[in-house]
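First the structure, in the form of structure tokens, and then the observations on it.
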There are 2 protein chains.
Amino acid sequence: MNERLPVQGAHGDLLRLVATGKAESRADLARLSGLAASSVSLRVEELIDAGLLAEEGSGTSRGGRRPRRLRLSPTAGVLAVADLGAHHVRLGLLDLSGTPLVVEERPCEIADGPQTTLGRIADAFDELLAEHVPPAVPLRGVGTGIPGPVDPATLRVVTPSRMPGWNDFPVADHLATRYDLPILVENDANLMAAGEARWWPDHENLMVVKAGTGIGCGVIVNGRLHRGRGAAGDISHVRVRSDSSVICACGHPDCLEAYASGAALTAALAESGIEVSRPADIVGLVNDAVPEATSLVRNAGRRIGEVLTVLVNFFNPDVVAVGGSLSAAEPLLTSIRAAVWERCLPLATRDLEIAPARAGRDAALLGAGSLLLEAALTQS
Amino acid sequence: MNERLPVQGAHGDLLRLVATGKAESRADLARLSGLAASSVSLRVEELIDAGLLAEEGSGTSRGGRRPRRLRLSPTAGVLAVADLGAHHVRLGLLDLSGTPLVVEERPCEIADGPQTTLGRIADAFDELLAEHVPPAVPLRGVGTGIPGPVDPATLRVVTPSRMPGWNDFPVADHLATRYDLPILVENDANLMAAGEARWWPDHENLMVVKAGTGIGCGVIVNGRLHRGRGAAGDISHVRVRSDSSVICACGHPDCLEAYASGAALTAALAESGIEVSRPADIVGLVNDAVPEATSLVRNAGRRIGEVLTVLVNFFNPDVVAVGGSLSAAEPLLTSIRAAVWERCLPLATRDLEIAPARAGRDAALLGAGSLLLEAALTQS
DNA sequence: CGAGTTATCTTCGAAATCGAAGGAAGTGAC
DNA sequence: GTCACTTCCTTCGATTTCGAAGATAACTCG
């Protein structure tokens, strides 16, 4: 049972406010939406009748009558989201407030090409839906993260590296043939940023750095994902200061990625005779105080920090959140901080937080849910 | 005669659309505001009755009946704006659509301190108003640009260099004692960006670089000025790659400003035995094909371009507009372009325009008008 | 030059939204 | 406990906004 949410205009606004956790009562909704309390009441009634909202107990008093708590009805629908990596896919079902119902990870080779990969994801969605969601609860949207650039205008993959067969593939159109629903296709770092944003509710401007096999970055401006013309957030091919000269896969010398990515660290460790298979293994080495690993990670942090310096001065965010598998290595964050504090303008760092990402491993899935909900509730 | 605009909510929206030139007819307003055509007609009638809007002839047909052109009434009010520099102030009066009525430049030493300087500006405003504006036309807002950082929360000047006596001075509060009106206080590069933005109506994301005595930059995201926490847009203290090592006034080595600003070029020319007093003189030398000057400017452009490379990848704007007195030297723009095209990701430069600023010398004043109008029309 | 097309603007009944008033359900002071 | 006060939510008449239909006015093309 798939169907679009029957919401237009202000109904969508109200649902979104509840879904994102910004509002919990009719009074909250009136305050945040700008509508009159009476209109809110009417609308909420309609949404409850439509089975989208539900009343659930009462909230805590703020000095007067207790509010009647509003939640999205569990039967209102689910979202199916995936985060595609090079060798695996993480997928899950979320309720309409973005809370995960199920999350699992499956092996999946992106090199098998888009048709195969997307088919597998869709099959997995079907399985999960059959197993975990009653048939009466409709699917309301489908979204996926892609480890490469996505053109926001066409929702096609553009000039990806390491994704043979995907170039210019119309991912959204392909999914649309299987699902007549709102479809989201977005770069994985952007999804991660969108997910992280919900954990920093009072912060408008965020940079979210993903330090894993590659180095990604997503940007939140005024609480919303900044896409630019589709490529925004790239920091991996910034030129870093260096004595030697390393040619990056992109063809230019001395890209940040060639020095500070998980892939680069893995290669450097191999030169020291230490073999690791995944960036997470490097974290283990650091925790075991293997000097080569610690030194490399510290260096990577400093390099990332130097790049962030430029961006912090320019963009002047409230928060720089650092996630990705490498971020579990403490020296990384420490040396990023040191570089930024040292070199940035005092005005730019005055109230800046540089902190570990809060959203955890499912950040991208949560972000997909957040953006998808937005899309599903904004239509018409 | 000073008074606040008696506008609330949707009335303000309509006025703003006309003022910013986005709408010229009732039909435009209906399309852009989302209101029904009938509501627009009613409102417009009210605004005309209130003396804020006026009908003026008819526009060009788009294949059907000609629209009746709407303009802000010339009697609707004026804005007084100033752009403060180190040794002079540029000031002007604008009508409510942001069109300059008078602009003039006066000598004015910022080092005389805020009280004196602001007093002079206000006196100048009074003179201009008495001379150029009928008493019946009310002043609707006052704004000024500051050549230093402004805290957007308090509208105070914070840690400015080269502005003795101004640190932490509450500029807006001080002006408010003389004018009971909307007051705008903003960094000059930000004002320039806001002014420039109106010349790129279909472009949402802009970087506006001001290459003059210093190097400033303003950022427009989604059509609106991005302030961050107040320091956004700084690019002058980014570290550039360099063999030697020059200590910048900020205390750090190898800031962009120490290599590519008008001040730095002036100093470098002096070492070659060529004395110039203003950055504009350097442009003259370049036009006269003085090799030292050309080479220096070309180098400055390359350095600025290298910094922009990072920011273009990250922010992925539609346009990079280059203004400021140095921008009149052709090699500057050319070498900026070369550096960016060479090093940026193809995806980021695919549709990027790197172009001379369009708004001209009054950019900051126009920007002040634009932001001030926004402020005056948003209240309540 | 007249008929068809396109676009702008107004009219008017229907629908939505608002806001003041009031009831409901709490908190905190005495 | 009682009383004053706060907050939450609903009721209901007044107002605003909408949208379909029509009037007006121009353009285009045979």
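Reckoned from all heavy atoms, side chains included, excluding hydrogens, waters and symmetry mates.
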**Request:** Look at Arg66(B) and dC27(D) and indicate whether a side-chain polar atom (N or O) is within less than 4.0 Å of OP1 or OP2.
**Result:** yes
**Prompt:** Which value, rounded to the nearest 0.5 Å, describes the distance between Leu29(A) atom CG and Leu35(A) atom CG?
**Reply:** 9.0 Å
**Complete:** Nearest-nucleotide check on DNA chain D, Ala27(A) vs Gly64(A); residue mapping nearer the 5' end is Gly64(A)
**Request:** Let me know the distance between CG of Leu70(B) and C1' of dC9(C), rounded to the nearest Å.
**Result:** 11 Å
**Message:** Between C1' on dA24(C) and CZ on Arg26(A), what's the gap in Å once rounded to a whole number?
**Reply:** 13 Å
**Item:** Atom pair CZ/CG of Arg26(A) and Leu42(A) - distance to nearest 0.5 Å
**Value:** 10.5 Å
**Request:** Send over the distance from Glu46(B) CD to dT15(D) P, rounded to a whole Å.
**Result:** 14 Å
**Message:** How many whole angstroms separate atom CD of Glu24(A) from atom C1' of dT7(D)?
**Reply:** 15 Å
**Request:** Could you check how far CD of Glu55(A) sits from C1' of dC8(D), rounded to whole Å?
**Result:** 12 Å
**Item:** Whole-Å gap separating P (dA4(D)) and CZ (Arg65(A))
**Value:** 21 Å
**Prompt:** Within this structure, what is the NE2-to-C1' distance between His11(A) and dA16(C), rounded to whole angstrom?
**Reply:** 11 Å
**Asked** From dA16(C), dT10(C), dA25(C), pick the nucleotide closest to the side chain of Arg43(A)?
**Response** dA16(C)
**Message:** Measuring from the side chain of Leu35(B) (C-beta onward, heavy atoms only), which nucleotide among dC18(C), dT17(D), dC8(D) has the closest atom?
**Reply:** dT17(D)
**Prompt:** Of all the choices, dT17(D), dT8(C), dT10(C), which nucleotide is nearest to the side chain of Leu42(B) once you look at every atom?
**Reply:** dT17(D)
**Prompt:** Any side-chain N or O of Arg31(A) less than 4.0 Å from the OP1 or OP2 oxygen of dC8(D)?
**Reply:** yes
**Asked** Please give, in whole Å, the distance from dC9(D) C1' to Arg69(A) CZ?
**Response** 17 Å
**Message:** Under 4.0 Å, heavy atoms only, any strand: does Ser41(B) hit a base, just the sugar-phosphate, or nothing?
**Reply:** base
**Item:** Side chain of Pro67(A) (C-beta onward), nearest among dC9(C), dT11(D), dC9(D)
**Value:** dC9(D)
**Asked** Taking Val102(A) as the fixed residue, which of Leu93(A), Leu94(A), Val78(A) is the one that meets the side-chain contact (heavy atoms from CB on, under 4.5 Å) rule?
**Response** Leu93(A)
**Prompt:** Do the side chains of Leu366(A) and Trp199(A) get nearer than 4.5 Å, heavy atoms only?
**Reply:** yes
**Request:** Mind checking Ser58(A) for me? I need base, sugar-phosphate or nothing, with any heavy atom below 4.0 Å counting as a touch.
**Result:** nothing
**Asked** For Ala37(A), which contact category applies under a 4.0 Å heavy-atom criterion: base, sugar-phosphate, or nothing?
**Response** base
**Fill in**
From the candidates dC8(D), dT10(D), dT17(D), the one with an atom nearest any side-chain atom of Arg68(A) is dT10(D)
**Asked** Measuring from His11(A):NE2 to Leu377(A):CG, what's the distance to the nearest 0.5 Å?
**Response** 12.0 Å
**side-chain N/O Ser39(B) vs dC18(D) OP1/OP2, d < 4.0 Å** = yes
